Amino acid sequence: MSDIYVRFAPSPTGALHLGGARTAIYNWLFARSKGGKFLLRIEDTDNKRSKVEYVNQICDSLKWLGLNWDDEPVFQSKRLEDYQEAVRQMVKNGRAYYCFCTPEELEERRRASGEYRYDGKCRSLSETEIKANLDAGKPAAVRFKVNAGMTQWTDRVYGTIKVNNSEIDDFIIQRSNGIPTYQLAVVVDDIFMRISHVIRGEDHISNTAKQILLYNALDYPVPEFAHLPLLNGTDGKRLSKRHGATGVDEYRDLGYPPEAVFNYLAILGWVPKDGNEILKPEELIKRFRLEDIARKSAVFDVKKFDWVSNEHIKRTDNEKIYNIVLPILIENGLVHETPDREMQKYIFKFIDLMKSRFRTYRQFAELGSYFFKDPEKYEGKAARKNWKNESVNQRMQTLLEALKELDDFSGSSTERVIRQLSEQMEISAGKLIHPTRLAVSGYGVGPGIFELLETLGKETVVRRIETALSKLPQ
RNA sequence: GGCGCCAUCGUCUAGUGGUUAGGACACAGGAUUUUCAUUCCUGGAACCGGAGUUCAAUUCUCCGUGGCGCUACCA
């Protein structure tokens, strides 16, 4: 099916946010699952807020997510002539008309009548009146003439939606400065780009009827429409800055894997029938169906997103994690620019030990820093619990001496020492294990202690216990 | 104000005219005679309200309520 064309059409007024990314993902998924094309269009028609930096930022985010688009992006700002031609055509055949009402007049009349819609004042202007106004150089916007009737379409996710044309006023399609409005530009572009399926946010449902009218006026077949429910914050309100990070770039900077963002956004509002929720793009493509998307707006749940992210990191092979994490470790001054073979092996061991517990790549450098430098402080709660008083020092002193004696510092070897000692002291092994963990890592939690000791090595472990002995209890 | 869309555990959802209303995340409890930020097990937790149709309604219809969206010479 080569006649399937979809597009993602962001306006460059900010970074790509989660909602936009989700729309892009669904478009991409649909195109890729149908063998169609996924196109990109930048909606930068005279919006004072449009900025080139944002165009680049959005493209970067899309690439980061793996949303590769086909063909060159279309910029609306470069297509003015097409829009104006379409408008000329509609004015000529009576589907649109010049309107000389100024925004101020409109505002005033709206206020006076309490009616939101355009009152149709310029709709019935005579040829001579129009010519006179035009000749006098009066600014003229162009309005689309909405005739009585009923407009409806079968939405691929919402089903049949009907709108009475009497609810739609004669909307402006071209501003008095000659720049088209969104409604017109979208339709002309979608025709130009041969878009077969318009997949976009639910906030466009009420624009759809207007656009269908435009397709009819332009004498082009109407594409399929599929509207997507919006993303909300935890308070049920539309996702915004108040809810925390909303930009895709922010999640990248936080160290989340792109496949996790992709995966979570994709299953937010749609769960594959087989119940598998952790999926790679290719697997999502296989399962994707527009019709399965829920019609209810969804709440972005950071907790579940973290879970998805951790699941992806767990499944990522160490080699790949190494390549991603190494620069972060270097950047944080934990590892030298060019680690030698021994250090490389050590980092692999570190990744193996810790990847099941992290949800971002950045956490390898943050929560895992003790693999590369001695802890600077001890987690307060864990210290209070596991290293209460001087008696711990005595026990740990004994343990330290025993560890120093060890030639074989393997996990099984240190385990034997600790267990024997705890038996001699008639305490539970935990009474030695927890203070040891605190001493070597600074945390009350972490991987299995014996494996950790083995990985860290005798020298480091001994040094850190000595340090802890001198600093704890605080 | 008008119009449109939506409504199942806290969150994402499955589902059906008759079900113990299923799963996932989160949460709680337990196990791993070492923690949890690992792993495993167990548990609590939902059909917005009211009418109607029907032998039977979470499911169908209507009304209400609530949420969201649109109602711009923004996109």
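Predicted model, so just to flag it, every value in this text is computed and none were measured. Convention: sequence-line order gives letters A, B, ...; per-chain numbering from 1.
Using a 4.0 Å cut-off, no side-chain N or O of A:R419 falls inside it from OP1 or OP2 of B:U33. Between B:A75 and A:T45, a contact under 4.0 Å exists linking OP1 or OP2 to a side-chain N or O. Using a 4.0 Å cut-off, some side-chain N or O of A:K237 falls inside it from OP1 or OP2 of B:C68.
Using P as the reference atom, B:C60 and B:G15 are 13 Å apart when rounded to the nearest Å. For B:A31 and B:U58, the P atoms lie 41 Å apart once the distance is rounded to whole Å. Only the C1' atoms considered, B:G50 is 14 Å distant from B:A57, to the nearest whole Å. B:A24 and B:U8 have their C1' atoms separated by 15 Å, with the value rounded to a whole Å. Between the P atoms of B:C25 and B:A37, the separation comes to 16 Å (whole Å). Comparing the same atom, C1', in B:U35 and in B:G30 gives a spacing of 16 Å after rounding to whole Å.
Of the residues in residues 152-162 of chain A, those placing a heavy atom less than 4.0 Å from an atom of RNA chain B are A:Y158, in numerical order. Taking every heavy atom of residues 433-448 of chain A and every atom of RNA chain B, pairs under 4.0 Å involve A:I433, A:H434, A:R437, A:Y443, A:G444, A:V445, A:G446, A:P447, A:G448, by number. Heavy-atom distances under 4.0 Å link RNA chain B to A:C101, A:T102, A:P103, A:R110 of residues 95-113 of chain A, given in residue order.
Between the side chain of A:D155 and the backbone N or O of A:T160, no donor-acceptor pair lies under 3.5 Å. Side-chain atoms of A:S309 come within 3.5 Å of backbone atoms of A:R359 as a donor-acceptor pair (strictly under, hydrogens ignored).
In this entry the distance linking CG of A:N207 with P of B:A72 reads 11 Å, nearest Å. Taking atom CD of residue A:E43 and atom P of nucleotide B:A75, one finds them 9 Å apart after rounding to whole Å.
Sorted by first and then second residue, the salt bridge (charged side-chain N to carboxylate O under 4.0 Å, His left out) pairs with a member in residues 422-448 of chain A form an empty list; sequence neighbours excluded. A side-chain hydrogen bond (donor to acceptor under 3.5 Å, both in side chains) check over residues 286-302 of chain A, counting only residues at least two apart or in different chains, returns the pairs A:R156-A:E291, A:N232-A:S297, A:D274-A:R287, A:R289-A:D292. Residue pairs meeting the salt bridge (charged side-chain N to carboxylate O under 4.0 Å, His left out) criterion with at least one member in residues 197-211 of chain A, sequence neighbours excluded: A:D203-A:R238.
For A:H243, the ring pair (Phe, Tyr, Trp, His ring centres under 6.0 Å) test picks out no residue, with sequence neighbours left out. Listed by chain and number, the residues in a side chain to side chain donor-acceptor pair (under 3.5 Å) with A:K241 are A:T246, A:E250 (sequence neighbours excluded). Scanning for salt bridge (Lys or Arg N to Asp or Glu O under 4.0 Å) contacts around A:R395 gives an empty result, with sequence neighbours left out. With sequence neighbours excluded, the residues forming a side chain to side chain donor-acceptor pair (under 3.5 Å) with A:E277 are A:K304, listed by chain and number. A:N318 pairs by the side chain to side chain donor-acceptor pair (under 3.5 Å) definition with A:D352, A:K355, not counting sequence neighbours.
The residue A:S356 sits close only to the backbone: its heavy atoms come under 4.0 Å of sugar-phosphate atoms, none of a base. Nucleic acid contact for A:K431: none, since no nucleic acid atom lies under 4.0 Å from a heavy atom of the residue. In this structure, A:F450 reaches the bases: a heavy-atom distance under 4.0 Å links it to at least one base atom across the strands shown. At the heavy-atom level, A:R359 lies nowhere under 4.0 Å from the strands shown.
Among the candidates A:T181, A:T45, A:D189, the single residue satisfying the side chain to side chain donor-acceptor pair (under 3.5 Å) test with A:Y83 is A:D189. Checking each of A:F171, A:Y98, A:Y97, A:Y215 against A:F144 for a ring-ring contact (aromatic ring centres under 6.0 Å, His included) leaves exactly one that passes, namely A:F171.
In this structure, the separation between NE2 on A:H17 and CD1 on A:I58 is 9.0 Å, given to the nearest 0.5 Å.
Atom CD of A:E108 sits in a sparse spot, with 12 or fewer heavy atoms from other residues, nucleotides or ligands closer than 6.0 Å.
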Letter by letter from the 5' end, nucleotides 8-15 of chain B scores (B base, S sugar-phosphate only, - none; protein heavy atoms under 4.0 Å) S--SSS-S

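The partner of B:U58 cannot be assigned: no Watson-Crick or G-U wobble pair with both contacts below 3.5 Å exists in any strand. Nucleotide B:G1: paired with B:U71 (Watson-Crick or G-U wobble, both distances less than 3.5 Å).
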Run the side chain to side chain donor-acceptor pair (under 3.5 Å) test on A:H312 and A:Y264 for me, step by step, so that the C-alpha distance in whole Å, both residues' side-chain angles and the decisive distance to 0.1 Å come before the verdict. CA-CA 11 Å; A:H312 276 277; A:Y264 179 62; over 6 Å; no

